[in-house]
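These notes concern the structure reproduced below.
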Amino acid sequence: MISKKDSKTAVPIQPVPEKRGYEFFGPYGAFAITFGLPVLLFGFTFLCNDVSGCPAPSLLHPSTLTLDKLKEEVGWPTGGIPALYDTEVLLWVLSYYLLQLVLYVVLPGQVADGTELACGGRLRYKFNAFPTAVLILSGLAAGTYLYGAEFVVWTFLWDNYPQVITANLIICSALAIFVYVNSFSVPAPGQRNPELRQLAPGGHSGNVLYDFFIGRELNPRVRLPIPFVDEASRTLDLKVWNEMRPGLLGWIILNLSNIARQYRTYGYVTDSIVLSTLFQAFYVLDGLYMEPALLTTMDVIMDGFGYMLSFGDLTWVPFMYNFQTRYLAMFPYELGLSGIAVVLAPTAVGYMIFRGANNQKNRFRTDPNDPRVKDIKYIQTAHGSKLMTSGWWGMARHINYLGDWLMSWSYSLPTGISGFVILKTFNPATGELEKQAVQTAESRGAALIFTYFFLIYFGVLLIHRERRDEEKCKRKYGKDWDRYTSLVRSRIVPGIY
């Protein structure tokens with residue numbers, strides 16, 4: 001709905017917000033995820049460690065397990081839970097966020113319009129995450145060249161790892177509280193809405209915990225009080241900025257810290273940790289380079305920004321996804337040529353599917369006359385959208401998820417049949433006890449839950465996301481979606497699921 005202002009300037013009017021039912025099992029699921037996943041992160045950090053092994057040996061003998069013994073084995077801080085927080089660490093982590101923000105403002109970038117909103121307008125976005133990442137990684141490379149594995153960034157991240165997790169938890173929680181409170185200033189239906197602010201379809205249920213978790217506002221933004229820069233540079237879209245910047249690059253920085261730790265401990269770097277880091281870095285940098293493609297994803301178009309995305313972007317992704325290289329930093333596993341081949345095969349296939357499908361979708365939506373997509377078959381919906389029925393998207397309705405999952409194999413496969421214990425032996429030459437990570441018959445395979453958790457979790461996540469996408473598309477397209485699914489029958493895996 002559009003009204004006229006002075007009969008010349010069209011001013012968007014806030015529409016009646018769309019309302020939907022609960023997801024993630026409603027308030028109970030929101031409570032479990034909000035408070036359970038941070039505990040899981042700390043559990044992984046302590047139970048798989050370089051003090052006693054991975055997993056902590058007492059976990060292999062539950063009948064003799066005692067809390068005091070377990071605390072000793074996992075290196076639990078003497079100060080207890082309060083020791084997981086450190087103000088100095090929090091300030092250094094905040095300085096990393098500030099650096100990301102400054103580079104977003106000062107570096108040039110591509111400016112693009114998002115998809116059309118319910119009020120009829122389009123938001124503008126500035127994209128320069130890739131040059132930002134290149135500049136930061138170049139600075140880290142220079143520091144490593146000068147100081148080697150003892151570069152302060154690498155030692156700081158390893159030595160203060162639990163405290164760095166806590167710092168990011170504080171930041172993501174504060175951000176979620178801010179956007180939740182600020183969402184109540186979204187104009188009411190029928191009022192003028194020049195800033196194009198909207199509530200997310202599923203984010204205004206009325207339940208405080210659920211709405212805080214799922215996100216009330218669709219695209220919360222802040223206008224930075226910075227003079228002498230263009231409007232796009234001073235406008236920060238919190239959802240897009242957080243999804244593509246601090247956490248994703250932080251994931252790679254943590255991997256590099258893990259490589260440095262392995263070198264400091266053993267004096268060499270294994271092919272497994274290098275390969276896992278390279279694949280993950282390629283995935284991240286490729287995503288940052290293709291940053292504008294984010295505008296056509298469900299995250300941006302449909303999901304609100306609340307604790308779920310704030311925690312996921314800033315804490316869960318960097319600290320859960322770097323776990324494989326963290327394990328390899330403690331246990332230097334060599335793959336050899338045959339092992340490298342096993343890792344490469346699914347990764348190559350996955351990338352071909354993932355990037356090919358996403359590029360095809362983005363080109364078709366932005367320029368259907370592009371020679372690479374002009375022959376794509378599609379059905380025209382009453383809603384105005386076109387649904388592809390050939391090419392990658394004619395094979396399965398969410399074929400990109402298959403590629404995404406196959407690529408994720410390269411993160412876990414380099415850890416092999418994981419599990420090790422730390423043995424302490426006396427070195428007569430130095431007169432000191434030395435630690436050595438070895439894989440015993442008992443420990444072999446005992447750490448699979450840690451190093452392959454991501455593979456299982458990511459598969460479940462993608463299936464859940466596919467179900468959410470299906471529900472949203474069915475609601476949006478109605479009978480046209482039924483016609484589309486009769487032509488494209490597979491959901492993710494062609495001919496199987």
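Predicted model, so just to flag it, every value in this text is computed and none were measured.
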side-chain hydrogen bond (donor to acceptor under 3.5 Å, both in side chains) partners of Trp316, counting only residues at least two apart: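 side-chain hydrogen bond (donor to acceptor under 3.5 Å, both in side chains) check on Trp316 returns Tyr457.
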
Audit row: Lys239, Asp313, salt bridge (charged side-chain N to carboxylate O under 4.0 Å, His left out) steps and yes/no: CA-CA 9 Å; Lys239 180 163 63 175; Asp313 294 341; over 6 Å; no

Euclidean distance, Leu249 CG relative to Tyr96 OH, rounded to 0.5 Å: 4.0 Å

Cationic N near anionic O, under 4.0 Å, [X] to [Y]:
X: Asp303; Y: Lys472; answer: yes
X: Glu195; Y: Arg223; answer: no
X: Glu471; Y: Arg467; answer: no
X: Lys479; Y: Asp482; answer: no

Whether [X] engages the ring of [Y] as a cation-pi pair (distance to the six-membered ring centre under 6.0 angstrom, angle to the ring normal within 45°) should be assessed.
X: Arg216; Y: Phe305; value: no
X: Arg221; Y: Tyr125; value: yes
X: Arg245; Y: Tyr104; value: no

Contacts of Trp251 that satisfy ring pair (Phe, Tyr, Trp, His ring centres under 6.0 Å) - sequence neighbours left out: Tyr321, Tyr411

Sub-6.0 Å ring centroid separation between Tyr327 and Phe323: no

Residue of the set Leu101, Val93, Leu99 for which side chain to side chain contact (heavy atoms under 4.5 Å, CB included) holds with Tyr97: Val93

Residue pair Ser233 / Lys126: nearest heavy atoms and the distance that separates them: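 Smallest heavy-atom distance, with atoms named: OG-NZ, 2.8 Å.
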
[X] and [Y]: side-chain donor and acceptor closer than 3.5 Å?
X: Asn255; Y: Thr325; value: yes
X: Gln110; Y: Asn128; value: no
X: Asn258; Y: Asn322; value: yes

Ring geometry between His398 and Tyr401 (parallel below 30°, tilted from 30 to 60°, perpendicular above 60°): parallel

Aromatic ring pairing Phe213/Tyr210, orientation class (parallel under 30°, perpendicular over 60°, tilted between):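 Taking Tyr210 first and then Phe213, their aromatic rings sit tilted (interplane angle of 30° to 60°).
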
